[in-house]
Number of protein chains: 2
Amino acid sequence: MVDTNTAVRAPEASNPHEACKAAVDTLARISDKWTVTALGALSEGPIRYSEIRHRIEGISQRMLTLTLKGLEQDGLVTRTMYPTIPPRVDYELTELGRSLFVPLHALYEWSRENRPAMLAARETFRRRGQHGSPRTRLTVTK
Amino acid sequence: MVDTNTAVRAPEASNPHEACKAAVDTLARISDKWTVTALGALSEGPIRYSEIRHRIEGISQRMLTLTLKGLEQDGLVTRTMYPTIPPRVDYELTELGRSLFVPLHALYEWSRENRPAMLAARETFRRRGQHGSPRTRLTVTK
DNA sequence: CGGCATCCGTATAGATACTG
DNA sequence: CAGTATCTATACGGATGCCG
């Protein structure tokens with residue numbers, strides 16, 4: 001993995017295949033149960049561990065620690081330890097971390113606009129039970 | 001669309017908390033192993049089951065079926081059965097499904113630009129082992 | 001306070017075999 | 001061809017307890 005990926009060159013829409021793989025790859029890293037929520041908690045500036053934990057309802061220490069470590073590892077947040085007693089640790093988004101809010105915001109916008117439709121579709125689907133006559137085309141064109 | 005969500009009004013950044021929850025919610029629906037890849041396979045127009053399966057390397061029938069059923073349920077794709085022999089089923093993106101490509105593309109763009117940095121950060125992290133002296137601030141300001 | 005280790009339940013998804 | 005059904009492996013995440 002010594003890079004060498006400067007040669008790929010995705011000119012326009014490229015083939016959706018490659019774009020898809022890249023998106024999937026990023027998704028795989030941020031789509032665990034807490035990562036995005038943690039990013040949200042960090043979005044307002046430096047914040048200490050206990051405060052994050054307080055903001056994210058329902059998260060366990062284990063999951064918060066793991067999530068933060070993952071973010072730190074990927075260069076999305078910085079971790080600053082103050083060796084005081086009692087100890088104190090601050091977390092802060094890096095520039096890279098903040099940049100993630102762009103696609104995240106797009107996702108949020110989509111949710112706001114289209115999720116109701118999605119849930120409605122799901123309701124409809126559930127009610128007709130998909131077994132009745134979902135979309136059987138009898139007029140075989142070819 | 002019974003909506004009633006016209007009342008929320010996210011003026012500017014709103015509070016990141018709510019935006020975060022919405023984004024997380026959408027993420028939860030598209031971030032299984034195959035959904036986005038399937039959307040990618042569907043992106044070029046109507047396509048039949050076997051062709052999708054052919055395009056998505058490594059997917060099992062079970063997973064493809066489950067993924068497509070999920071997409072259909074959420075109103076992101078339509079399923080059209082041709083009761084011929086042998087049977088044939090076409091899948092096609094709905095308008096809702098296509099609209100998802102907007103945030104997905106944002107994600108793709110982010111990946112293209114920042115993923116190398118992320119992987120590099122990960123490499124660095126792995127090499128210094130995060131135990132040496134990652135970021136201990138001795139100058140306690142307050 | 002912040003974090004790690006251990007144990008354990010559950011959800012997700014792969015392999016395989018069978019059906020209309 | 002386009003699924004369904006069953007079994008199994010494993011990754012994710014929660015609860016608890018200990019440590020610097």
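Protein chains get the first letters and strands the later ones, always in sequence-line order, with residue 1 at the start of each. On a predicted model such as this, the values are computed, not experimentally measured, just so you know. Any value given below was found using the heavy atoms of this structure, including those in side chains, with hydrogens, waters and symmetry copies removed.
Rounded to a whole Å, the NE2 atom of A/H54 is 13 Å from the P atom of C/dC1. Atom CG of B/L64 and atom C1' of C/dG14 are 14 Å apart (whole Å). Rounded to whole angstrom, the span from the CZ atom of B/R53 across to the P atom of C/dG14 amounts to 12 Å. Rounded to an integer number of Å, the gap from CD of A/Q61 to P of D/dC18 is 14 Å. Atom-to-atom, CZ of B/R48 to C1' of D/dG3 comes out at 13 Å; the value is rounded to the nearest Å. Rounded to whole Å, atom C1' of D/dC12 lies 16 Å from atom CZ of A/R29. Straight-line distance from the OH atom of A/Y49 to the C1' atom of C/dC4: 10 Å, rounded to whole Å. The CZ atom of B/R79 sits 8 Å away from the C1' atom of D/dG3 (whole-angstrom rounding).
Side-chain atoms of A/P86 lie closest to C/dC1 of the nucleotides C/dC1, C/dC4, D/dA2. The side chain of B/V89 has D/dA2 as its nearest neighbour among D/dA2, D/dG14, D/dT4.
Side chain B/R62 to base D/dA5: no donor-acceptor pair is found below 3.5 Å.
Contact between the side-chain N/O atoms of A/S50 and the OP1/OP2 oxygens of C/dG2 is found at a separation under 4.0 Å. Residue A/K33 places at least one side-chain N or O closer than 4.0 Å to OP1 or OP2 of D/dG14.
Both A/P87 and A/D32 lie near DNA chain D, and the one whose nearest nucleotide falls closer to the 5' end is A/D32.
With no hydrogens or angles considered, a side-chain donor-acceptor pair links A/S99 and B/W110 at under 3.5 Å. When only modelled atom types and interatomic distance are considered, A/Y49 and A/T65 share a side-chain donor-acceptor pair under 3.5 Å.
Ion pairing of A/E72 with A/K69 is absent here, as no side-chain N (NZ or NE/NH1/NH2) approaches a carboxylate O to less than 4.0 Å. Ion pair B/R29/B/D25 flagged as a salt bridge, since at least one NZ, NE, NH1 or NH2 atom sits closer than 4.0 Å to an Asp/Glu carboxylate oxygen. A salt bridge is absent between B/E51 and B/R48: the closest approach of a Lys/Arg side-chain nitrogen to an acidic carboxylate oxygen does not fall below 4.0 angstrom.
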